[in-house]
Amino acid sequence: MESINSKNIILGISGGIAAYKTPELVRRLKDRGANVRVVMTPNANEFVTALSLQAVSGMPVRTEILDTEGESGMDHIDLARWADLILIAPASASIVSRLATGSASDLLCTLCLATEAPVFLAPAMNRVMWGKPATKRNVSQLLDDGFLVLGPGVGHQACGETGSGRMLDPLDMIKLLEEQISKPPAVNKILEVMITAGPTWEALDPVRGITNASSGKMGYEIARAFQQHGCSVTLISGPCNLDTPSGVRRIDVTSAADMFNAVHTNVSKIQIFIGVAAVADYRPVNTESQKMKKNASEMTITLVRNPDILASVASLAEPPFCVGFAAETENLRNYAVSKLNKKKLDLVAANIVGQENLGFNAEDNALLLIGKDTDQQLGPASKATLSRQLCTIVLKKYEEKNST
Ligand code: PMT
């Protein structure tokens, strides 16, 4: 894993209660050998003092674009060029919104516009603010623009509520940061990755059907992560109300049979297959051509098994590297191992479902990753964070498998 040792890091601090953790964060970054310069937004000054940050970083703290006290020759362009990476922690809802519009309203936003270095955001806000459509739109825009997001964590919040939106603790944040600056293993060609996502819809008649609560978020974030790692990504999507991640080729399907066909039409050129979709295991034997009438007091619907798309890909003569998901309400590990072996997979990402705030249609998830030499817990964390972690691990395992 790549270290931040000797890296030039601008720590951007925006206005939020989690700013009280930043002197500790500066210390931990410096412990790892990083050179740290702190830039604060005007609101950050209300939560932590520039003097404390100057003391721990050993460098003057910048707050204004035109800083007559700043050292000479280090204007905002020089500072933007100096950085190997910018880490904004805490990233408030306000700075997330400003960055999403490309605002240059303060020094920190201006640096993010002026730099060619990667910019990482560690969001910190109340769980309702984090869950609002406007915040989701802004974060999604920033991910498309190449920003990287660390967290947020789940737990008790300063406002007294519990949920997603806590800034990660400094050591967890630095660990994730180092994972994400680690280059994916060198591969001598652009990898073709196929991901299934979302639910399927098995029609009973023209207006009714059997489906499930999958939103597609997990699969879409995984697609985004692989695309941002330079892979060519095809997303086979069941009915979802999500924007296609930038640069991803999306094929829309409705039923499990449609998904099976779309996968097998495109599977010959891929190197990695990830089945994230919640595919209906059964479909009605008959689909009525007209809306069914409620004549009888009881109704029996006969269902027939759908083909297992993942198992069918994994049992091809020359299968791609296959990653399955396992959605379980109990015995997570046992069922995951059983799916790994039964479907002949390279990796299984197992998640507990049926809990509030995790899994189906939630912003966050937790994955138990099981493979031949893999046994690793990821999260709880946002689906975007988990996807980037999963992407790094899958590319590494793919490379190991194909170099032997
Ligand atoms: O979409 P979100 O709201 O973000 O929620 C994400 C999720 C909870 C749906 C996701 O993390 C998840 O667990 N996806 C797999 C859901 C599932 O159907 O699990 P399963 O244990 O029933 O299936 C095991 C594997 O076989 C899965 O990879 C599935 O895609 C695949 N499968 C199952 C049946 C079938 N007929 N064909 C398949 O390919």
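Atoms within each ligand, like the ligands themselves, are counted from 1 in listed order.
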Determine whether any heavy atom of [X] lies closer than 4.0 Å to an atom of ligand 1.
X: Lys343; answer: yes
X: Lys383; answer: yes
X: Ser312; answer: no
X: Gly359; answer: yes

Would you check if there is a donor-acceptor pair between the side chains of [Y] and [X] at a distance under 3.5 Å?
X: Ser387; Y: Tyr220; value: no
X: Ser94; Y: Arg98; value: yes
X: Arg250; Y: Thr244; value: yes

Salt bridge check: are [X] and [Y] linked by an N-O gap of less than 4.0 Å?
X: Lys343; Y: Asp308; result: yes
X: Glu328; Y: Arg333; result: no
X: Glu221; Y: Arg224; result: yes
X: Glu24; Y: Arg28; result: yes
X: Asp346; Y: Lys401; result: yes

Going through the checks in order, is the side chain to side chain donor-acceptor pair (under 3.5 Å) test met by Thr135 and Asn138? CA-CA 5 Å; Thr135 309; Asn138 290 335; 5.6 Å; no
Can you list the atoms of ligand 1 that are under 4.0 Å from a heavy atom of [X]?
X: Asn365; answer: 11 (O)
X: Asn361; answer: 2 (P), 3 (O)
X: Gly324; answer: 28 (O)
X: Met218; answer: 4 (O), 6 (C), 11 (O)
X: Gly216; answer: 1 (O), 2 (P), 3 (O)

Sub-3.5 Å N/O-N/O distance, [X] and ligand 1:
X: Ala326; value: no
X: Ala277; value: yes
X: Ser214; value: yes
X: Ala327; value: yes

When you measure from [atom] to every protein heavy atom, which one gives the shortest distance, and what is it?
atom: atom 25 (C) of ligand 1; result: Phe325 O, 3.0 Å
atom: atom 20 (P) of ligand 1; result: Lys339 NZ, 3.7 Å
atom: atom 2 (P) of ligand 1; result: Ser215 OG, 3.3 Å
atom: atom 34 (C) of ligand 1; result: Asp281 OD1, 3.4 Å
atom: atom 39 (O) of ligand 1; result: Leu310 N, 2.9 Å
atom: atom 32 (N) of ligand 1; result: Asp308 OD1, 3.9 Å
atom: atom 18 (O) of ligand 1; result: Ala278 CA, 3.4 Å
atom: atom 11 (O) of ligand 1; result: Asn351 OD1, 2.5 Å

Taking heavy atoms and a distance under 4.0 Å, where does Pro307 meet ligand 1: side chain, backbone, both or neither? backbone
Please name the residue in the list Val149, Leu150, Leu168 that meets the side-chain contact (heavy atoms from CB on, under 4.5 Å) test with Pro123.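 The residue from Val149, Leu150, Leu168 that satisfies side-chain contact (heavy atoms from CB on, under 4.5 Å) with Pro123 turns out to be Val149.
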Compare all side-chain heavy atoms of Leu79 with those of Leu111 and state whether any distance is below 4.5 angstrom. yes
State whether the side chain of Thr22 and the backbone N or O of Ala19 hold a donor-acceptor pair below 3.5 Å, judged by distance alone.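 Checked: pair present.
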By the definition side chain to side chain donor-acceptor pair (under 3.5 Å), identify the one residue from Arg388, Gln389, Lys175 that meets it with Gln180.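 Of the listed residues Arg388, Gln389, Lys175, the side chain to side chain donor-acceptor pair (under 3.5 Å) partner of Gln180 is Arg388.
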Stepwise side chain to side chain donor-acceptor pair (under 3.5 Å) test for Ser103 and Ser105: CA-CA 6 Å; Ser103 160; Ser105 54; 2.9 Å; yes
Just go through Ile309, Leu367, Val276 and tell me whose heavy atom is the nearest to atom 14 (N) of ligand 1.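 Of the listed residues, Val276 has the closest heavy atom.
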